[in-house]
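Some notes on the structure that comes next.
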Number of protein chains: 2
Amino acid sequence: MDPSRLATGALRAPGRRRANVPEATVARLPLYLRALHVLAEDGHQTVSSEALAEAAGVGSAKLRKDLSHLGSYGTRGVGYDVTNLVEQISAELGLEHRCSIVLVGVGNLGRALAGYGGFASRGLAIDALLDADQGRVGEVIAGLTVQHVEHLPQVVSTGSIGVIATPALAAQEVCDLLVAAGVTSILNFAPIVLTVPDGVDLRKVDLSVELQILSFHEHRKAALTAAGASA
Amino acid sequence: MDPSRLATGALRAPGRRRANVPEATVARLPLYLRALHVLAEDGHQTVSSEALAEAAGVGSAKLRKDLSHLGSYGTRGVGYDVTNLVEQISAELGLEHRCSIVLVGVGNLGRALAGYGGFASRGLAIDALLDADQGRVGEVIAGLTVQHVEHLPQVVSTGSIGVIATPALAAQEVCDLLVAAGVTSILNFAPIVLTVPDGVDLRKVDLSVELQILSFHEHRKAALTAAGASA
DNA sequence: CTGACTTTGTGCGCGCGTTCACAAGCGCGT
DNA sequence: ACGCGCTTGTGAACGCGCGCACAAAGTCAG
Ligand SMILES: NC(=O)c1ccc[n+]([C@@H]2O[C@H](COP(=O)([O-])OP(=O)(O)OC[C@H]3O[C@@H](n4cnc5c(N)ncnc54)[C@H](O)[C@@H]3O)[C@@H](O)[C@H]2O)c1
Ligand SMILES: NC(=O)c1ccc[n+]([C@@H]2O[C@H](COP(=O)([O-])OP(=O)(O)OC[C@H]3O[C@@H](n4cnc5c(N)ncnc54)[C@H](O)[C@@H]3O)[C@@H](O)[C@H]2O)c1
């Protein structure tokens, strides 16, 4: 999505064999990983591309091409070794070591995120909760004590991911603080366009946008059926 | 629009004037709408594509092409009329009438969503809260009383959007209930692949996936800098 | 050992989306 | 009235991603 980053990343690969994993593939790797965990707990040792694709909700050809991108080889006539594949994908996603997450903004949404157990289960762990409201500093949520946002530089470690769950007005300021503290990957929940320097990855989750997209399709479907009924 | 050119480009153009709006464009319309609201409150009456693109974080050419898709005309040499554009986009997204939202699963996440004021501000409004837990039925959140999920058929109206915020195990069951009640647009927060019949739009928001994508890029950046340092 | 079956890995064509670049159109100053 | 400059709208090229279809490769039965 970000052309500048694509340009920087694409042009460096002198002697690299392990290089270009397409963005669309990266976005699906977590889905495969989740499906594989379910299959592993079900006792499966190997999976065919057809079965795994079914479980992940994608086409089998797409899945095979995705896996071929990260050099992970299956066995022809048999399929993929589940355990091995989990390790391959986890390694590719950088989940073999716990990924540290720093959450800024412990309001309605931040509280829900902090209390969510689904992150810690697979290599992701929230390490720190930060807020600017003194009334919330000191509060303990899910075993973590909320700290003041001034302590941000001290709780950030190399490779940390920053999560912004503050009001939109404070989001850019918090974003700048995160970048200044050395964070290069940020997930933003605030409904505002953030600006980050080159080299910093920024993703956003915008619930209003999702709902409005659905609203559009609903509206379109209604218009179509009305037209069909009148015609 | 020019019907002759439409005939050249698309294979079917009998009497159609309202053309196909690309999916990628639809996904950006909410961003334009948000930026336009800010501009309107700032007192701007017209906006150039350059300025609006800047505010929405996209390229100006992309923005112009997007707007041209929905037939909304600006004025050359001046730009777009802010108020008019807001109405055009709102109408296209079906936001001129309040869009009814039904939220199923009032846990950590559902509670945050229910208490969020950002939806109601622009044509979106949560109309009902549902849960299967009798201990939560009757609770009042943000002025709405939590009802039992059995009452789902009664609270669904034509054009409703369903939101699933239940545990993954219950998500497919709830999804089926929504579909059976006539809902054709669903937003899913549960980390599981849902199956819906044709004609039903399904979108998902998966926070773990977002974080894992960021983890991948963080991992890749770390590998690159390490390689650069050693080389 | 051989042959047949199963499943992977991928080459190729197609359609969508993005970007560049420019002609057409509109207002404004003179 | 008339050009001048600004902005829109869009034609065209490019790149990415997806799906089909098949050859290569490995397994298993006999
Ligand atoms: N709650 C939802 O369901 C929901 C849905 C969609 C989007 N969002 C967005 O997510 C963000 C958070 O939503 P919320 O409902 O949790 O809001 P909230 O007001 O409940 O919480 C915001 C928190 O951020 C803290 N904060 C404010 N300024 C800060 C700063 N400069 N540094 C650190 N912390 C600061 C506040 O003290 C508060 O605790 C908002 O931008 C909102 O638009 C929320
Ligand atoms: N909390 C988060 O930050 C977060 C983050 C990412 C994903 N999620 C996902 O969102 C979903 C909800 O998360 P949560 O933290 O709110 O969970 P939760 O357990 O706090 O809440 C789930 C709610 O759903 C209700 N429920 C269960 N079965 C139901 C059914 N059949 N019909 C109706 N309601 C039913 C429960 O009574 C409960 O109130 C989960 O799938 C979770 O994986 C949550």
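Labels below follow one simple rule: chain letters A, B, ... track the order of the sequence lines, proteins then strands, and each chain is numbered from 1.
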Taken to the nearest 0.5 Å, the spacing of B/L63 CG from B/L29 CG works out to 9.5 Å
Taking C/dT10, D/dT10, D/dT8 as options, the one with an atom nearest any side-chain atom of A/S68 is C/dT10
From CG of A/L63 across to P of D/dG19 the rounded distance in Å is 12 Å
Note: B/A40 and B/V82 closest approach over all heavy atoms is CB-CG1, 3.8 Å
Margin query: For B/E87, is there any backbone N or O sitting under 3.5 Å from a side-chain donor or acceptor partner on B/S90?
Written below: no
Per atom distances to the A/A24 side chain, the nearest of C/dT19, D/dA21, D/dC18 is D/dC18
What I want to check is whether an N or O donor and acceptor connect the side chain of A/K65 with the base of D/dG19 at under 3.5 Å. yes
Considering only heavy side-chain atoms of A/Y73, the closest of D/dC20, C/dG9, C/dT19 is C/dG9
Here the distance between atom P of C/dG9 and atom CG of A/L67, to the nearest Å, is 7 Å
Whole-Å distance, B/K62 NZ to D/dG9 C1', equals 17 Å
Backbone of B/V86 reached by a side-chain donor or acceptor of B/H37 within 3.5 Å | no
Below 4.0 Å: OP1/OP2 of C/dA21 and any side-chain N or O of B/R64: no
Once you apply a heavy-atom cut-off of 4.0 Å, does A/G59 come out as touching a base, just sugar-phosphate, or nothing? nothing
| Backbone of A/T195 reached by a side-chain donor or acceptor of A/Q172 within 3.5 Å | yes
By nearest-heavy-atom nucleotide on DNA chain D, the more 5' of B/G74 and A/D66 is B/G74
Separation of D/dG17 atom P from A/E23 atom CD, nearest Å, is 8 Å
On a heavy-atom basis, the closest approach of B/G74 and B/Y80 is CA-CD2, 3.5 Å
Atom CG of B/D81 and atom P of D/dT8 are separated, to the nearest Å, by 13 Å
Protein-proximity profile, nucleotides 25-30 of chain C, B/S/- by nucleotide at the 4.0 Å heavy-atom cutoff, equals BBS---
Exercise for the section: Determine whether the side chains of A/S100 and A/S160 contain a donor N or O and an acceptor N or O closer than 3.5 Å. Expected result: yes
Rounding to 0.5 Å, atoms CD1 (A/I192) and CZ (B/R34) come to a distance of 9.0 Å
Note to self: Taking 4.0 Å as the cut-off, does a side-chain nitrogen or oxygen of A/Y80 come that near to OP1 or OP2 on D/dG26?
What the structure shows: no
**Request:** Assess whether side chain to side chain contact (heavy atoms under 4.5 Å, CB included) is satisfied between A/L67 and A/Q88, documenting all intermediate values.
**Result:** CA-CA 10 Å; A/L67 294 184; A/Q88 293 276 341; over 6 Å; no
Within residues 30-52 of chain B, those residues having any heavy atom closer than 4.0 Å to DNA chain C are none
